[in-house]
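First comes the structure, then the notes that go with it.
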There are 6 protein chains.
Amino acid sequence: MIEYEEASPPVRQVYDDIMATRQVDWINNFWKTLAVQPELLKRTWEGVKSVMAAGALDPLTKEMVYIAVSATNGCQYCVNSHTAAARKKGLTEEMLSELLAVVGMANQTNSLAYGYQIDLDEAFKNGGRHS
Amino acid sequence: MIEYEEASPPVRQVYDDIMATRQVDWINNFWKTLAVQPELLKRTWEGVKSVMAAGALDPLTKEMVYIAVSATNGCQYCVNSHTAAARKKGLTEEMLSELLAVVGMANQTNSLAYGYQIDLDEAFKNGGRHS
Amino acid sequence: MIEYEEASPPVRQVYDDIMATRQVDWINNFWKTLAVQPELLKRTWEGVKSVMAAGALDPLTKEMVYIAVSATNGCQYCVNSHTAAARKKGLTEEMLSELLAVVGMANQTNSLAYGYQIDLDEAFKNGGRHS
Amino acid sequence: MIEYEEASPPVRQVYDDIMATRQVDWINNFWKTLAVQPELLKRTWEGVKSVMAAGALDPLTKEMVYIAVSATNGCQYCVNSHTAAARKKGLTEEMLSELLAVVGMANQTNSLAYGYQIDLDEAFKNGGRHS
Amino acid sequence: MIEYEEASPPVRQVYDDIMATRQVDWINNFWKTLAVQPELLKRTWEGVKSVMAAGALDPLTKEMVYIAVSATNGCQYCVNSHTAAARKKGLTEEMLSELLAVVGMANQTNSLAYGYQIDLDEAFKNGGRHS
Amino acid sequence: MIEYEEASPPVRQVYDDIMATRQVDWINNFWKTLAVQPELLKRTWEGVKSVMAAGALDPLTKEMVYIAVSATNGCQYCVNSHTAAARKKGLTEEMLSELLAVVGMANQTNSLAYGYQIDLDEAFKNGGRHS
């Protein structure tokens, strides 16, 4: 892992942007590990920054979606770090609980849909979009 | 699959509740397939109804989380049926696009976190909750 | 895909063993596809034959476990072919329904365990085995 | 996590039912964590209790299916806690070993089926069910 | 889906780069679908172009890794489109067969490692890197 | 786990073959755990040995594919042990970094393909193979 003090200028530039964007004064292990390959660090951070920014969806909704995917994948680091981020954006215990209830329900019904090999209803083709 | 006309009273009761709750006038294949086992149908529907209802999170956010999990699992039926449901609750093309961008980003960074075997930062323990 | 008629002697030998072991008179697409690489065909079949045979667990239980994994992975081919096999070994509609209910429940509680990042209880270390 | 002593009456009622049903005298971390949301605790426990009870399948078979799904998902908590439960219901080392061999084989052949994009045989349509 | 003829200048610029980089004269459905959100299209293409280019690993090895991940995830579109790409870069039937055998083996042993909850050997800590 | 000193002759024979093939002088936990069932140990080792040997693909490429699948599955033991093995076969930090970038990109685009439910292009049918 590359610490801030030993980072090359291009890596330090990304670190500075991470801290400014997230309003924190430290860099977490994920970025310090990617920094071994400065190009991978830069591309990944720019992707995350752009994707997680406010847009048609607000940032807290995006963090919740991120947590939902990570809980489904079983990624401990990802669940923990994004739950921490989501709390700073307003996630309450009650919201987290409902979020995980939806995640659990989705994983349950997904496997029922797989197991029963259910055919797609005509009305749902293309996600209900009229062509 | 059990059609409405041939359904037993307990199954028909669940079908009626599904149509009333969702304000639709038909039953989709998922429920018609589960109906072979009335108890499984009832329990699954009651769980879905309770979990997807408004609470600390609004119903559209819940549908988006459901889609996120289903896209991660690769469940075609689930993505399609819940995208259709989400559209009825206000999901726009732009929101769907941002949603899937977050899902894609989460899957990418999840596998980077796995591949690099990144240790959890002290500050993220327990999802940033102070104990 | 390699049909029986055009198969080389080593491939035909595996095909014969498949038909004799399973008491069927045809070869399904999975094996006809693997047959392009006779060694992969042979090794995979021998593994399947050995693993799925009666032992401490009976063959029907093994088929149900195979279906459970395949429904979790969302493998359509695998769910369909092994459900067909399980029916021949005695799987009823009711058993299938209960099996899938367990699979759905497991996928639900698995994601809750991930999402809440639950610590392992001392008593469950090593799967409850006394060391 | 909510300990028994500090639990509200509705939570304590679920805890009592868990201990009575499982014939144990303690509550494991999974339930103590869900208890932050009494409704989620109650609904999840009632689902698990109903699904894992004896029916067309015996309870040990259900535990093995649960372990199979959890090993496929890589859920450490789930594998450990249900292996412990399965041992109390009669799971031997030999049965566990055969179970995991089937799980491993299913995961292997599932990915071969995906990788080769194998078409479903006519005879396997609908899981071999005659329509 | 946005066809080339109806594409806006920024989308057309990405399409032109895709065709020039891949030396093809058509655009596949994946990109035509992402084009509904020009920014998502651009960012995803630039990521793919950069990541899949020759570097410390040659492009064919990268395509094989992409296929391995997609077969594990069960993504039909991804397996098919990247198998087609890999063939153009020199993938033979024999290489594909060996590739899928490794993928199958990895999925099998991964689930065995999960199921037996195997502790990491001291010598493997940090992926065998000496600290 | 079965140590070398306490191993029965058939287990010891496998252990000797593992050490000779891999040119190491110790047995890692994975094999010592499988050894509780000598037949599972033997079959798994013979599969791994055969599949990971040089063929149309070189052994280092195979190790990288194995790591890619394991990072996708989130199997910590598997990623660590095979990263260690790959280093001994010539994997550099830069190669590992590019490998994981491809894995991350594949997981990202896989979920986009799922989420948008993209139809397979005619030209990609059968992985681009001309029939």
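Being a predicted model, the structure only gives us computed values, none of them experimental. Chain letters run A, B, ... following the sequence lines, proteins first and then strands; every chain starts at 1.
Under a cut-off of 6.0 angstrom, the local environment of CD in Glu3(C) is crowded, with over 12 non-hydrogen atoms contributed by other residues, nucleotides or ligands.
Checked by atom type and distance alone, the side chain of Lys62(A) pairs as donor or acceptor with a backbone atom of Ala53(A) at under 3.5 Å.
Counting only N and O atoms by type, the side chains of Asn73(A) and Tyr114(C) include no donor and acceptor under 3.5 Å apart.
Contact check for Val48(A) versus Phe30(A): no side-chain heavy atoms found under the 4.5 Å cut-off. Contact of the Trp31(A) side chain with the Thr44(A) side chain is registered, since non-hydrogen atoms from C-beta on lie closer than 4.5 Å. Residues Asn29(C) and Met1(C) are in side-chain contact: their nearest non-hydrogen atoms beyond the backbone lie under 4.5 Å apart.
For residues 83-106 of chain C, the interface with chain A (any heavy-atom pair closer than 4.5 Å) comprises Ser97(C), Leu100(C), Ala101(C), Val103(C), Gly104(C), Met105(C), sorted by residue number.
For Asn80(C), the part lying near chain A is the side chain, with the backbone staying farther off; criterion is any non-hydrogen pair under 4.5 Å. For Gln117(A), the part lying under 4.5 angstrom from a heavy atom of chain C is the side chain only.
Checking Lys42(A), Lys49(A), Arg43(A) one by one against Glu46(A), the salt bridge (Lys or Arg N to Asp or Glu O under 4.0 Å) holds for a single residue, Lys42(A).
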